[in-house]
Structures are given as structure tokens and as C-alpha cells.
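The block underneath contains the structure these notes are about, expressed in C-alpha cells.
We count ligands from 1, going down the list as the structure has it; atoms in each ligand are counted the same way. Values below: every heavy atom of this structure, side chains too, minus hydrogens, waters and symmetry copies.
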Amino acid sequence: MEDEVKLFTREELKSRNKRNDAVLIIHNAVYDVTKFLEEHPGGEEVLLEKAGQDATEPFEDVSHSSDARSLMKKYKIGELVEADRTQNKAAYAPEWSNDQPNEQGKCVLA
Ligand code: HEM
């Protein structure tokens, strides 16, 4: 039982956008960043602005380091239910995805 991943809907996460209860959706996973707000090198404002919502795009826009990516595991509390997941995560971070639908291997022979 302990190993079961907790599943959330986007709807139920919407209201968790406060300083004392802040979650982020990044790559279909859910992170409770309440305790991380003050520690975030990018400041708490940007996190609160996206709290309760999908922050995949702004997260990737910043090109977070691998340090940041391993740090975030600590705050993961679950994932989105299947129906609420985005299918195009490869568009943001191909290295995170096993399925790469856009493999266009264009090769120009001179
Ligand atoms: C759990 C999620 C997150 C973690 C663990 C995290 C962690 C970090 C870390 C460790 C840094 C320092 C630079 C680096 O190592 O890349 C950083 C910088 C930054 N983060 Fe995040 N971050 C998270 C989410 C976000 C989100 C959602 C946003 C935007 C909405 C954001 C915006 C920024 C910005 C703007 C900086 C740059 C600060 C600067 O260079 O002055 N972060 N973050």
C-alpha cells in the first residue's frame, strides 16, 4: 500500500494555491512545495503565482539544473489521474520521456 502513487485531478488541486498549502503540477506529477517556498532560489513569488496549476512550461523555460530536478523528487506527492495528463510532455523535455512521437530524423545528404 505504501508504494501506491497517490492520484489527483487538476480540479482538486486548483485551490491549493496558498502560502500554507502550495502544490505544482510539473510533467504530470504533483509537488507539494509549501515547505520549499522560502528555499527556492528563484523566489517564492514565482511558485505561488503558479501554485495549484500546471507549471511545466515556466519550469522548463528557466532550464532548471539537474540539481533542481533531483531536488524536486523530495517534494513529489503523487501524479495526475490518467484523464488529466498532458500527452505532449516530450515537447517540453524530450529527455524525460520514453516515447518520442516527434522523432523526425531528417537527414540531408549533400
Ligand atoms: C519543485 C519545483 C522546483 C524546484 C525544485 C526548483 C528549484 C530551483 C533551483 C535549485 C534553482 C537554482 C538554479 C538551478 O539549479 O537550476 C531554481 C531557480 C529558478 N527557478 Fe525554480 N524550482 C522549481 C520550480 C520552479 C517554477 C515552477 C518556476 C517558475 C514558475 C521556477 C522559477 C525559477 C527561476 C526564475 C529561477 C532562477 C533564479 C535565478 O537564476 O536568479 N522554479 N529553481
Going from [atom1] on [X] to [atom2] on [Y], what distance comes out if it is rounded to the nearest 0.5 angstrom?
{"X": "Asp84", "Y": "Phe8", "atom1": "CG", "atom2": "CZ", "result": "12.5 Å"}
{"X": "Leu24", "Y": "Leu47", "atom1": "CG", "atom2": "CG", "result": "5.5 Å"}
{"X": "Glu79", "Y": "Leu7", "atom1": "CD", "atom2": "CG", "result": "7.0 Å"}
{"X": "Glu38", "Y": "Arg19", "atom1": "CD", "atom2": "CZ", "result": "8.0 Å"}
{"X": "Lys76", "Y": "Ile26", "atom1": "NZ", "atom2": "CD1", "result": "11.5 Å"}
{"X": "Glu57", "Y": "Thr86", "atom1": "CD", "atom2": "OG1", "result": "10.5 Å"}

What protein heavy atom is closest to [atom], reported as residue, atom name and distance in Å?
{"atom": "atom 4 (C) of ligand 1", "result": "Phe36 CE2, 3.4 Å"}
{"atom": "atom 38 (C) of ligand 1", "result": "Gly42 CA, 3.7 Å"}
{"atom": "atom 35 (C) of ligand 1", "result": "Val62 CG2, 3.8 Å"}
{"atom": "atom 16 (O) of ligand 1", "result": "Ser65 N, 2.8 Å"}
{"atom": "atom 27 (C) of ligand 1", "result": "Ala55 CB, 3.6 Å"}
{"atom": "atom 29 (C) of ligand 1", "result": "Pro58 CB, 3.8 Å"}
{"atom": "atom 11 (C) of ligand 1", "result": "Pro41 CG, 3.4 Å"}
{"atom": "atom 2 (C) of ligand 1", "result": "Ile26 CD1, 3.9 Å"}

| message | With a heavy-atom distance limit of 4.0 Å, tell me whether Val33 approaches ligand 1 through its side chain, its backbone, both, or neither. | response | side chain
| request: Could you check which N/O/S atom of His40 is closest to atom 21 (Fe) of ligand 1? | output: NE2
| Do the rings of His27 and Phe59 sit parallel, tilted or perpendicular, given the 30° and 60° boundaries? | perpendicular
| message | Less than 3.5 Å apart, any donor N or O on the side chain of Asn20 or Thr34 sitting next to an acceptor on the other? | response | no
| task | Walk me through it: do Lys6 and Val30 pass the test side chain to side chain contact (heavy atoms under 4.5 Å, CB included)? | result | CA-CA 9 Å; Lys6 193 162 169 21; Val30 182; over 6 Å; no
| task | Verify the contact flag for atom 43 (N) of ligand 1, where contact means a protein heavy atom under 4.0 Å away. | result | yes
| task | Scan the protein's non-hydrogen atoms and note whether one is under 4.0 Å from atom 13 (C) of ligand 1. | result | no
| remark: Note: ligand 1 atoms sitting under 4.0 Å from heavy atoms of Met72 are 1 (C), 5 (C)
| request: For ligand 1, find out whether one of its N or O atoms is nearer than 3.5 Å to an N or O atom of Ser63. | output: no
| request: Taking all non-hydrogen atoms of both residues into account, name the closest pair between Ala22 and Leu48 and its distance. | output: CB-CD2, 4.4 Å
| request: Pick whichever of His64, Lys50, Glu49 has a heavy atom sitting closest to atom 17 (C) of ligand 1. | output: His64
| message | Taking only non-hydrogen atoms of Phe59, do any sit less than 4.0 angstrom from ligand 1? | response | yes
| request: Give a yes/no verdict on whether any heavy atom in Asp67 is under 4.0 Å from an atom of ligand 1. | output: no
| query | Given the rule in the side chain to side chain contact (heavy atoms under 4.5 Å, CB included) test, do Arg10 and Leu80 qualify, once you have shown the distances and angles that lead to the verdict? | reply | CA-CA 7 Å; Arg10 288 182 189 268; Leu80 287 179; 3.5 Å; yes
